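Here's the structure we're looking at; comments come further down.
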Amino acid sequence: MFTRTTLRPALATATAVSLAAGGLLTLSVGTATAATPAKYADDFNGDGYRDFASASLGGEFTVTYGTASGPGTTSKTFTQATAGVPGTPGDAGDYADSFGDDLAAADFNRDGYADLAVADSSEKIGSKTGAGAVTILWGAKTGLSGTGAVRLKVTAHARYGFGDQIETGDFNGDGKADLAVTNGVDTVYIYRGGFTKSGSTGAVTKHTSDDLLEPTGLVAGKVTKDKATDLFVLGQGYHSDKMTQDVWFLRGGSTIKPGKQTVVNSSKPDYSPTGVVADFNKDGYGDLAVSDTRYNNSAGSVVVWRGGSTAPTTKYRISQSTAGVATAATKGDSFGSTLSAGDTNGDGYPDLAVGVWEETVSSQANAGGLHVLRGSKSGLTGTNSQWFTRATAGVPGSPSEFGCFGQLVRLRDIDRDGDKDLLVSSDYYNGSVLLPGTGAGITGTGAKELNVVASLPQ
C-alpha cells in the first residue's frame, strides 16, 4: 500500500453492505497459470530488475523501468486515456480523478511478469458518482500496458469510494497473490488469487467492524509465524460516543479471522494514516509501526504494536521527545506522516525511516526532514538515530519555506549492492533525492537527484 499524505473528505455515513441479493456480483473462480511467478512483485517486464511504479495525484501514475544500477531512462505515464484502460479521465461528476492514487504490485496471474492494481476511488460507474473502481494492468516482456486491463467486479454504490485503499499479500497462505480493497465507508474486500485476464478471481470475502466506521489505510505483513499474510486496517473508530484513530487486526489463513481492534489516538482521528510491518526487535513476529500525526498538538508520533504468536500484543510510542531523536517535538511537525522500514546498517534489525515534512529547518518553516530510527532487541529506539534535511552535508539543495522535504520516503536497495538506500521526495511530481546506503547506514555523501517519486508501494 501507498498511503496518501493529503487529507480527503471523510464519508460520514457508515452504511451496511448487504450480502444478500444486490450484494457482490457473482465471480467465476479463476485458476492460476502454470508459469513461475515473477521473482520481484514489481518487475513488470521480467528482466530481473525491480521497476518503480510511483503513485500520484490527479489521475495518473508513472512506471520507470529498473536497470542493474537503479532507475533507468525508460518510463511511461498511465492515465485512463491510455489505450486499453477502462474509464474516462476526469469523468463528469467525479469528486476528482483519483486514478493512480494508490497502487499495489504483484504477479496476479502468475505468468512471470509483475502486474499492477490501480485504485480509483472517485470513479463514476454508470450513473453512480464516486462508486470507485480497481483496475489491474498486466505486465509483459515489453512492460506494463493497458492492453487487456480489467476491473475487479463489485456492485457499484454511489459515493462508496471502492478502491480507497488497496494492498497485496497471500492472505490465505496458498502461494497466490491476493488483493485487499477498502471502500470509503465501512468494508474491506479480500479477493483471492488466482486472477485471470478474463477478469475472474478466486473467492471474495467482506469484512466489517462495528467499531471501525471508516477504513482509511491498509497494511499487510506477517505478524504470526504461519505462512499467511496478515492485514491491519487503519481507520476512524468510534468508542463511548467519541471518534478515535484505530487499528483493526485481521489474521490471515484459510479463513480470515477478525482480531483485536486497538486505539492509536483516543481523541483525534487521522484520515490519512500510514503504516508498515517489520520485525523491529527480531523476535520472529512482525510489528506494526503506524503514524499518529495528530498526537501532541500534531507534533506527531509513531505507535508500534508488537507482533505475537496469534495476534499483536502490547504497544509503545516513539516521538521527537524520545531520547536520542535529534529534533524536538513542536506543534504541527507531523512526525510520522510517512514511514518505510528496512535494515539500513546490516545488523539484522529493520530500521524505520520517518518523514517530518512540516519541521522547521534553518528558520525555514515546513522545510522538512526525516529520521532513521534503529531497530534493536527492545524494538525501535532513538539511540544512534539519524536526521537528514536539505541542510545535511551532501544533500542537494538547501532548506526552503514549504520545501516539505520528507513528505514521501521509501527504503529500497536501489543499486543492488546489498545496502538499503533511501528515496526522499517533497511532493508527488518532481522526483526524489537518493540518500545512499552503506554498511554503516544511510549517508548524505554521494546523494543525488533521481527521476522517480518516492511514492512507491512497500
Side-chain angles (χ1 to χ4, degrees), residues 2-7 245 264-265 268 270-276 289-304 317-342 344 351-374 380-411 421-435 441-444 447 449 453-455:
F2 172 74
T3 304
R4 297 172 291 279
T5 57
T6 53
L7 293 180
Q245 181 183 340
V264 173
N265 189 307
K268 295 181 178 179
D270 182 351
Y271 294 107
S272 189
T274 187
V276 64
V290 62
S291 64
D292 181 9
T293 60
R294 306 295 298 276
Y295 176 75
N296 189 20
N297 292 314
S298 297
S301 69
V302 175
V303 174
V304 182
R317 189 182 297 271
I318 297 279
S319 74
Q320 290 175 106
S321 298
T322 299
V325 177
T327 54
T330 306
K331 180 179 179 179
D333 284 344
S334 294
F335 176 92
S337 56
T338 182
L339 306 172
S340 187
T344 65
D351 308 311
L352 187 70
V354 181
V356 199
W357 66 286
E358 295 188 275
E359 178 78 19
T360 296
V361 179
S362 302
S363 300
Q364 301 297 308
N366 302 104
L370 65 132
H371 295 273
V372 179
L373 306 179
R374 302 294 191 195
L380 285 176
T381 175
T383 303
N384 297 321
S385 66
Q386 296 179 280
W387 170 240
F388 296 93
T389 72
R390 291 277 191 183
T392 301
V395 177
S398 51
S400 61
E401 186 176 15
F402 300 108
C404 303
F405 189 68
Q407 182 171 177
L408 304 167
V409 300
R410 186 64 73 240
L411 284 165
D421 308 299
L422 183 56
L423 291 176
V424 188
S425 294
S426 298
D427 55 42
Y428 293 82
Y429 310 107
N430 294 299
S432 62
V433 171
L434 170 66
L435 302 178
I442 303 296
T443 179
E449 305 275 1
V453 180
S455 55

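Values reported hereafter were calculated over all heavy atoms of this structure, with side chains retained and with hydrogens, waters and symmetry mates removed. Remember, it's a predicted structure, so these values are computed and weren't measured experimentally.
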**Prompt:** Roughly how far apart are I442 CD1 and T392 OG1, rounded to 0.5 Å?
**Reply:** 12.5 Å

**Request:** Hey, could you give me the CG/OG distance between D270 and S298, rounded to the nearest 0.5 Å?
**Result:** 8.5 Å

**Item:** Basic-acidic side-chain contact under 4.0 Å: E401, R390
**Value:** no

**Prompt:** Judged by atom type as modelled, is there a donor-acceptor pair below 3.5 Å linking the side chain of S425 to the main-chain atoms of A454?
**Reply:** yes

**Message:** For V372, run the side chain to side chain contact (heavy atoms under 4.5 Å, CB included) check against L411, L435, L422 and tell me which one passes.
**Reply:** L422

**Stepwise side-chain contact (heavy atoms from CB on, under 4.5 Å) test for V303 and Y295** = CA-CA 10 Å; V303 174; Y295 176 75; over 6 Å; no

**Request:** Would you check, one step at a time, whether the test side-chain hydrogen bond (donor to acceptor under 3.5 Å, both in side chains) holds for R374 with T344?
**Result:** CA-CA 8 Å; R374 302 294 191 195; T344 65; 2.8 Å; yes

**Asked** Can you list the steps and then say if F388 with V424 is a side-chain contact (heavy atoms from CB on, under 4.5 Å)?
**Response** CA-CA 10 Å; F388 296 93; V424 188; over 6 Å; no

**Item:** Gap separating the OG atom of S455 from the OH atom of Y429, nearest 0.5 angstrom
**Value:** 10.0 Å

**Heavy-atom closest pair, residues A367 and V361** = CB-CB, 3.8 Å

**Message:** Show the nearest heavy-atom pair for residues L373 and S385, with the distance to one decimal.
**Reply:** CD2-CB, 3.8 Å

**Asked** Which heavy atom of V356 sits nearest a heavy atom of D333, and at what distance?
**Response** CG1-O, 3.5 Å

**Request:** State the CG-NE2 distance between L352 and H371, to the nearest 0.5 angstrom.
**Result:** 11.0 Å

**Item:** Side chains of T330 and T360 in contact at under 4.5 Å (non-hydrogen atoms)
**Value:** no

**Item:** S334 and its side chain to side chain contact (heavy atoms under 4.5 Å, CB included) partner, picked from R294, Q407, E359, E358
**Value:** E358

**Message:** Please find the pair of heavy atoms, one from T327 and one from W387, that lie closest to each other, and give the distance.
**Reply:** CG2-CE2, 3.4 Å

**Request:** Calculate, to the nearest 0.5 Å, the distance between atoms CZ and CG belonging to F335 and N296 respectively.
**Result:** 12.0 Å

**Request:** Please confirm whether the backbone N or O of P396 pairs with a side-chain atom of E449, one donor and one acceptor, at under 3.5 Å?
**Result:** no

**Request:** Kindly compute the distance separating CD (Q364) from OG1 (T389), expressed to the nearest 0.5 Å.
**Result:** 11.0 Å

**Request:** Check G275 against L339 and note the closest heavy-atom contact, atom names and distance.
**Result:** CA-CD1, 4.1 Å

**Prompt:** Distance-only, no hydrogens or angles: does the S319 side chain make a donor-acceptor pair with backbone N or O of S321 under 3.5 Å?
**Reply:** yes

**Asked** Any idea which heavy atoms bring V453 and Y428 closest together, and the distance?
**Response** CG2-O, 3.6 Å

**Prompt:** So do the side chains of L408 and W357 get within less than 4.5 Å of each other, counting heavy atoms only?
**Reply:** no

**Prompt:** Short question: side chain of S291, backbone of T274 - any donor-acceptor pair under 3.5 Å?
**Reply:** yes

**Asked** Are the side chain of R317 and the backbone of V264 linked by a donor-acceptor contact shorter than 3.5 Å?
**Response** yes

